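Since the structure is predicted, the reported quantities are computational estimates derived from the model, not experimental observations.
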Amino acid sequence: MSGVRCRFAPAPSGSLHVGNARTALFSWLWARHHDGTFILRVEDTDASRVTEEGFRGVLEDLRWLGLDWDEGPEAGGDHGPYRQSERLAIYREMVERLLADGSAYRCYCTPEELEQRRAEAQGRGEPPGYDGRCRTLTDAERAAFASQARTSVVRFAMPEHEWIVHDLVKGEVRWAAADLRDFVLQRSDGSPVFLLAVAVDDMLMDVTHVVRGDDLLASAPRNIAVIEALGGTPPAYAHLPQVLGPDRKPLSKRHGSTSVEAFRELGYLSEALVNYLALLGWSPGDDREILPREEMIWLFDLARVSSNPAAFDVEKLTWMNTQYVQQLEDDELAARSVHLFAQAGLGVDPALLRRAMPLVKERVHTIRDVVDLLRFLFSDDVVPNERAAALIEKAPEGYLKAAADPLDALSTWDAGAIATMLDDLATRAGLSRTKGWQPIRAAVTGSNVSPPLPESMELLGKERSVARIRAVAR
RNA sequence: GGUCCCAUCGUCUAGGGGCCUAGGACACCACCCUCUCAAGGUGGAGACACGGGUUCGAAUCCCGUUGGGACUACCA
């Protein structure tokens, strides 16, 4: 194991958004590429948004995606605890240290005062942010405020010099001293603010590389400043551009399915999602797109991550999923679709399902399609859909009736014999193969679309097939 | 408003001064294959936001404009 330590630090608010999933993936890939350590840390200091269920959702998604963590909840590690809600004492201690050496100070300004000054500053076109007035309070002034029963927060005294962050994907980013104001580390109720917690945790957990969304780019210099004030060594940062929706707005719920859980339920394979996500903002440099996990780990490089935002394209994800489904072994595909049949209220005969795989593998995009295509095999409650009904309706008078008996009389019930008979029937009725087979397909499967007909009938069995034809014959 | 980030086909991208009459993939169109639907095959249409520089030469470097986006909280 190398010294590289990456972390993924989600808020435990349920199933991961695909954007967050990509962040986790890139961080994981970087760790694995370097044979380093991947750490999962839960940012649950905002009690209002935290639920045990949300926490479970995050873990479940990561597991499903195959992003295993070496340290974190349920994995342990010697840099814990890994839930921020269990680290409150640590944050408090760090605040004391910063207060003690003057890196931070108590601020007695009230929210109202701050709001007013903010508005004024903006009116004058000055940079917003705290004006630092409590930074230079004398002991006497402090005592006076305290005696007025004014509450206070702890603010970080941002060192006044230019800040430069050498971001792994954005390059060198600079901020003038005036643009980085003193920010709150600890709320008046004593709880830590994100800016403090992240810095402290990254430092104490010996994180070497922070991979996160670029909405946090501006907090990097603050994170660095806090860590430096605490005497630690700041990690390297890699800020990933946003993942956008089709309308190029930041991806959100109103774009439909955006969570890992949603795609799982829609029948996407985790390998495909991971592969797709890996290519969202990163490319190996050549024309390859289907990248097995090991290959991905081997080739991944943060320096090759694009710095412009990428739109999430379900169509391409679906194409990729199709590729992965086709690569799946029959047993595997069958095993993975079982639960979706159950979800659809269909009991399946595993052996029959397994035998049907070669018929559907090349015609499904998601494993949910497997259910749609094979529903006729596991339910005798076949009600022809609208198009199927039309096909049956359009068939020549007596055609289906005439088909039932000879099929029933077949001595060998296999696809070859069935196909021969089907052609025979069509020819006798003066129909092309297409015209002749479609009504049969409609009767047997209840749909105008199905896996290859003779093979489907073979699997269904003579009795069930013939019964279905007779049921709609006239 | 201020600070910062971003800008190649509709989408994801390759490209880091001449190899670019800009390559690949998804989607789209046509044809082939074909029992439906797919899958597959072949071909096609489709982009360097704009304006200045730098240079013998710019998609590539610099500046500006425009357009997106993020941040600007006792949110994370």
Side-chain angles (χ1 to χ4, degrees), chain A residues 9-11 13 43 45-46 48-49 107 109-111 114-115 118 121-130 151-155 165 167 169-171 173-176 178-181 183-189 191-195 197-198 213-219 239 241-242 244 246 248-250 276 279-290 306-320 322-323 326 360-365 369 373 387-388 391 419 422-423 426 432-438 440-442 445 447-456:
Chain A
S13 50
E43 311 220 320
T45 49
D46 181 9
S48 65
R49 297 216 297 231
C107 167
C109 299
T110 65
L114 292 171
E115 181 51 45
R118 209 180 349 258
Q122 203 175 62
R124 290 191 302 266
E126 289 168 8
Y130 186 63
T151 57
S152 66
V153 297
V154 175
R155 269 183 202 280
V165 172
D167 191 90
V169 344
K170 301 281 184 186
V173 187
R174 297 161 177 270
W175 287 266
D179 293 317
L180 261 12
R181 316 303 283 269
F183 53 93
V184 175
L185 292 174
Q186 189 181 68
R187 303 188 184 95
S188 52
D189 66 0
S191 64
V193 155
F194 161 80
L195 256 2
V198 188
D214 71 359
D215 49 333
L216 262 21
L217 181 56
S219 75
H239 288 93
Q242 302 286 295
L244 311 175
R248 301 209 68 83
K249 298 284 178 197
Y276 175 71
L279 261 28
L280 208 54
W282 173 73
S283 99
D286 55 25
D287 289 338
R288 303 178 51 207
E289 304 222 283
I290 302 294
S306 167
S307 56
N308 58 316
F312 189 86
D313 181 6
V314 191
E315 301 266 16
K316 184 147 186 179
L317 199 214
T318 302
W319 167 79
M320 188 155 288
T322 307
Q323 303 301 307
Q326 287 184 22
V360 298
K361 198 192 273 184
E362 286 194 345
R363 27 182 65 79
V364 298
H365 296 128
D369 294 340
L373 233 34
R387 291 187 158 191
L391 285 167
L422 253 25
D423 278 339
S432 66
R433 183 181 258 192
T434 303
K435 294 264 190 212
W437 289 26
Q438 278 303 79
I440 310 277
R441 184 194 311 281
T445 68
S447 169
N448 56 311
V449 175
S450 82
L453 187 55
E455 289 78 0
S456 295

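- In the set B:A14, B:C35, B:G69, B:C35 carries the atom at the smallest distance from any side-chain atom of A:T434.
- Taking the side chain of A:Q242 as heavy atoms from C-beta on, and the options B:C5, B:G69, B:C35, the nearest nucleotide is B:G69.
- Within 4.0 Å of A:S188, counting heavy atoms only, lies at least one base atom of the nucleic acid.
- With a 3.5 Å ceiling on both atom-pair distances, B:A47 lacks any Watson-Crick or G-U wobble partner.
- Residue contacts shown for A:R181 are absent, as no nucleic acid heavy atom lies under 4.0 Å away.
- Among the heavy atoms of the strands lying under 4.0 Å from A:P454 is at least one base atom, whether or not backbone atoms are also near.
- Side chain A:S307 to base B:C5: no donor-acceptor pair is found below 3.5 Å.
- A:E289 comes within contact range of at least one nucleobase, with a heavy-atom separation under 4.0 Å.
- Between A:D214 and A:Q242, the side chains place a donor N or O and an acceptor N or O closer than 3.5 Å (distance only, hydrogens not considered).
- Comparing B:G24, B:A39, B:C35 by their closest approach to the side chain of A:R433 singles out B:C35.
- In this structure, A:R155 reaches the sugar-phosphate backbone alone: every heavy-atom distance under 4.0 Å involves primed, P, OP1 or OP2 atoms, never a base.
- Among the atoms of the strands shown, only primed sugar atoms or phosphate atoms (P, OP1, OP2) are found under 4.0 Å from some heavy atom of A:R174.
- Nucleic acid contact class of A:E115 (heavy atoms, under 4.0 Å, all strands): none.
- Nucleotides B:A47 and B:G24 are separated by 14 Å at their P atoms, to the nearest Å.
- At a threshold of 4.0 angstrom between heavy atoms, the contacts of A:L391 with the nucleic acid are absent.
- In this entry the distance linking NE2 of A:H365 with P of B:A38 reads 8 Å, nearest Å.
- On the C1' atoms, B:A22 is 11 Å away from B:U60, given to the nearest whole Å.
- The closest side-chain heavy-atom distance from A:L217 to A:D167 is below 4.5 Å.
- B:C28 atom C1' lies 16 Å from atom CH2 of A:W319, rounded to whole Å.
- Each of B:C5, B:A39, B:U13 was ranked by its minimum atom distance to the side chain of A:T322; first place goes to B:A39.
- Among B:C35, B:U11, B:C74, the nucleotide with an atom closest to any side-chain atom of A:D313 is B:U11.
- Taking only side-chain atoms of A:K316, from C-beta outward, the nucleotide of B:C12, B:U36, B:C35 with the closest atom is B:C12.
- Distance, A:L279 CG to B:G24 C1': 11 Å, rounded to whole Å.
- At a threshold of 4.0 angstrom between heavy atoms, the contacts of A:V173 are confined to the sugar-phosphate backbone, with no base atom among them.
- Here A:H239 lies out of heavy-atom contact (under 4.0 Å) with every strand.
- We find that CG of A:N448 is positioned 16 Å from C1' of B:U34, with the value rounded to whole Å.
- Of the P atoms belonging to B:C28 and B:C37, the separation is 15 Å, rounded to the nearest Å.
- Contacts of A:L453 with the nucleic acid, taken as non-hydrogen atoms under 4.0 Å apart, include base atoms.
- Between B:G18 and B:G51, the distance separating the two P atoms is 23 Å to the nearest Å.
- As judged by a 4.0 angstrom heavy-atom cut-off over every strand, A:R248 is placed among residues touching the sugar-phosphate backbone only.
- The salt bridge (charged side-chain N to carboxylate O under 4.0 Å, His left out) check on A:R174 picks up A:E162, A:E172, with sequence neighbours excluded.
- Here the side chain of A:D179 is nearest to one of B:C74, B:U3, B:C4, namely B:U3.
- In this structure, A:G281 reaches the sugar-phosphate backbone alone: every heavy-atom distance under 4.0 Å involves primed, P, OP1 or OP2 atoms, never a base.
- Checking B:U13, B:C5, B:A76 against every side-chain atom of A:F194, the shortest atom distance belongs to B:A76.
- Across all strands shown, A:E455 has heavy atoms under 4.0 Å from base atoms, whether or not it also approaches the sugar-phosphate.
- Checking B:C4, B:C35, B:U13 against the side-chain heavy atoms of A:P452 singles out B:C35 as nearest.
- When rounded to the nearest whole Å, the span between CH2 of A:W282 and P of B:A25 equals 18 Å.
- Looking at the side chain of A:K249, the nearest of the listed nucleotides B:G68, B:A76, B:C74 is B:G68.
- Partner assigned to B:A59 is none, using Watson-Crick or G-U wobble distances below 3.5 angstrom.
- Rounded to whole angstrom, the span from the CG atom of A:D287 across to the C1' atom of B:G24 amounts to 4 Å.
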